[in-house]
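Before any comments, here is the structure.
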Amino acid sequence: MTPVLYSFRRCPYAMRARLAVQAAQTPVHLREIVLRDKPAAFLAASASGTVPCLVLHDAMPDTTIDESLDIMIWALTISDPDGLMNIPAPGWDLIAQCDGPFKHALDRTKYATRYPDSDPVQHRNNAIAFLHDLDARIGTHIFDRPSIADLAIAPFVRQFAFIDKPWFDAQPIPQVQAWLAAFLASDKFARIMTKYPPWAEGDTPTPFPPAGEF
């Protein structure tokens, strides 16, 4: 069975899963879902009810991967033609900081009305502090060559940047800004952002990456 990847185009967690599957050249069947109308098959597969969700075999137990970073590692463990898993130990710490404190602050900045007891300005300051630290180490890539850290972190920096792009562009983080701009202009980002119609039971499978991109 070809693995099935449930996804949502604009979700940064789903973006990074698609980036890794694409980089690994590992074929899956992509199922784009609408978050306000989640299909029964998706809810049966995903314990959390969140994207991304990778189903390796629907007839066997314990064959669902429900965390985006785990999906990335799964794909790149199978095939890693660009050596993205050759990452220095601090890279895993950076990913953990992104997924933890940075995402915590990002959500309370972007979705301030959901957190009425939080100060969005303070959380924005907390988020930009992470980016200042990143700016001090980054070049063309986070390390001296592309790695899983770039793919794992960039979608969340994108999400933060577009909360208030003029404000973000005015911050003294030139290395991060140039890195993000290169990511957004890249073919790899354009390919994972292709629009697909929402999946419904009985639809013809959607190969991902599309044929011809290997």
Side-chain angles (χ1 to χ4, degrees), residues 2-35 38-39 42 45-46 48 50-56 64-85 87 91 94-95 98-99 102-103 106 110 138 140-143 145-163 165 176-199 203-214:
T2 300
V4 170
L5 179 63
Y6 289 97
S7 185
F8 177 63
R9 180 175 175 270
R10 297 195 308 274
C11 170
Y13 291 106
M15 284 181 195
R16 72 182 188 180
R18 297 195 306 273
L19 284 164
V21 169
Q22 175 179 257
Q25 302 176 1
T26 300
V28 300
H29 287 161
L30 187 71
R31 294 181 178 179
E32 177 76 8
I33 69 166
V34 177
L35 297 182
K38 299 174 182 177
F42 165 69
S46 173
S48 65
T50 59
V51 291
C53 175
L54 182 72
V55 180
L56 301 176
T64 297
I65 304 178
D66 217 19
E67 296 292 337
S68 61
L69 185 58
D70 292 339
I71 294 172
M72 297 183 78
I73 293 169
W74 167 84
L76 293 169
T77 299
I78 293 172
S79 172
D80 187 11
D82 297 323
L84 298 175
M85 291 290 284
I87 178 176
L94 282 174
I95 294 171
C98 172
D99 290 5
F102 178 69
K103 187 62 165 70
L106 188 165
K110 181 176 176 63
I138 205 168
T140 305
H141 310 289
I142 292 178
F143 298 105
R145 60 188 306 280
S147 75
I148 189 175
D150 295 282
L151 303 190
I153 295 172
F156 295 96
V157 178
R158 171 189 178 274
Q159 187 181 41
F160 178 75
F162 281 94
I163 295 172
K165 193 60 163 55
V176 167
Q177 289 157 345
W179 168 77
L180 179 63
F183 170 71
L184 295 178
S186 68
D187 289 341
K188 67 185 178 185
F189 179 68
R191 287 194 296 265
I192 67 113
M193 293 304 286
T194 299
K195 291 184 178 181
Y196 295 97
W199 175 80
D203 282 355
T204 301
T206 300
F208 183 87
E213 290 193 3
F214 288 164

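Sequential numbering from 1 along the given sequence is applied to the chain's residues. The shown structure was predicted, so the numbers you read here are calculated from the model rather than taken from an experiment.
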**OP:** Walk me through it: do Thr194 and Phe208 pass the test side chain to side chain contact (heavy atoms under 4.5 Å, CB included)?
**Re:** CA-CA 11 Å; Thr194 299; Phe208 183 87; over 6 Å; no
**OP:** Please test Met15 against Met193 for side chain to side chain contact (heavy atoms under 4.5 Å, CB included), starting from the C-alpha separation and ending with a verdict.
**Re:** CA-CA 8 Å; Met15 284 181 195; Met193 293 304 286; 3.8 Å; yes
**OP:** Before giving the answer on side chain to side chain contact (heavy atoms under 4.5 Å, CB included), spell out for Glu32 and Phe8 the whole-Å C-alpha distance, their side-chain angles and the decisive distance to 0.1 Å.
**Re:** CA-CA 5 Å; Glu32 177 76 8; Phe8 177 63; 3.7 Å; yes
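To the nearest 0.5 Å, atom CD of residue Glu67 and atom CE of residue Met72 are 13.0 Å apart. With rounding to the nearest 0.5 Å, the separation of CZ in Phe102 from CG in Leu94 is 12.0 Å. From Leu56, atom CG reaches atom OG1 of Thr2 across 11.5 Å, with rounding to the nearest 0.5 Å. A distance of 4.5 Å separates OG1 of Thr77 from CE of Met85, quoted to the nearest 0.5 Å. To the nearest 0.5 Å, atoms CZ (Arg145) and OG1 (Thr140) are separated by 13.0 Å.
Side-chain contact between Val21 and Ile192 is absent, with no heavy-atom pair separated by less than 4.5 Å. Looking at heavy atoms from C-beta onward, Tyr196 lies out of side-chain contact with Ser7 at the 4.5 angstrom threshold. Side-chain contact between Ile71 and Ile73 is absent, with no heavy atoms from C-beta onward closer than 4.5 Å.
Shortest non-hydrogen contact noted between Ala75 and Thr26 is O-OG1, 3.8 Å. Closest heavy-atom contact between Leu76 and Ala23: CD2-CB, 4.4 Å. Between His29 and Pro207, the closest heavy-atom pair is CD2-CA, 4.3 Å. Here the shortest heavy-atom pairing between Tyr13 and Val51 reads CB-O, 4.0 Å. The minimum heavy-atom distance linking Ala14 with Pro52 is given by the pair N-CD, 3.7 Å.
Under the rule for a side chain to side chain contact (heavy atoms under 4.5 Å, CB included), the partners of Pro81 that lie at least two apart in sequence or sit in another chain are Gln25, Ser79. The side chain to side chain contact (heavy atoms under 4.5 Å, CB included) check on Asp203 picks up Trp199, Ala200, with sequence neighbours excluded. By the side chain to side chain contact (heavy atoms under 4.5 Å, CB included) test, Asp66 pairs with Ser46, Ala47, Ser48, Cys53, sequence neighbours left out. The side chain to side chain contact (heavy atoms under 4.5 Å, CB included) test applied to Gln177 returns Phe168, Gln171, Ile173, Pro174, not counting sequence neighbours.
Under the salt bridge (Lys or Arg N to Asp or Glu O under 4.0 Å) criterion, the residue pairs touching residues 16-30 are Arg16-Asp99, with sequence neighbours excluded.
Under the side chain to side chain contact (heavy atoms under 4.5 Å, CB included) rule, Tyr6 has a single partner from Val55, Thr50, Leu30, Val28, which is Val55.
Arg191 places no side-chain N or O within donor-acceptor distance of the main-chain N or O of Pro209, the cut-off being under 3.5 Å.
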Please tabulate, for side-chain N and O atoms in residues 148-163, each donor-acceptor pair with protein atoms closer than 3.5 Å (sequence neighbours left out).
| unit_1 | atom_1 | unit_2 | atom_2 | d |
| --- | --- | --- | --- | --- |
| Asp150 | OD1 | Ile142 | N | 3.0 |
| Asp150 | OD1 | Trp179 | NE1 | 2.9 |
| Asp150 | OD2 | Ser147 | N | 3.0 |

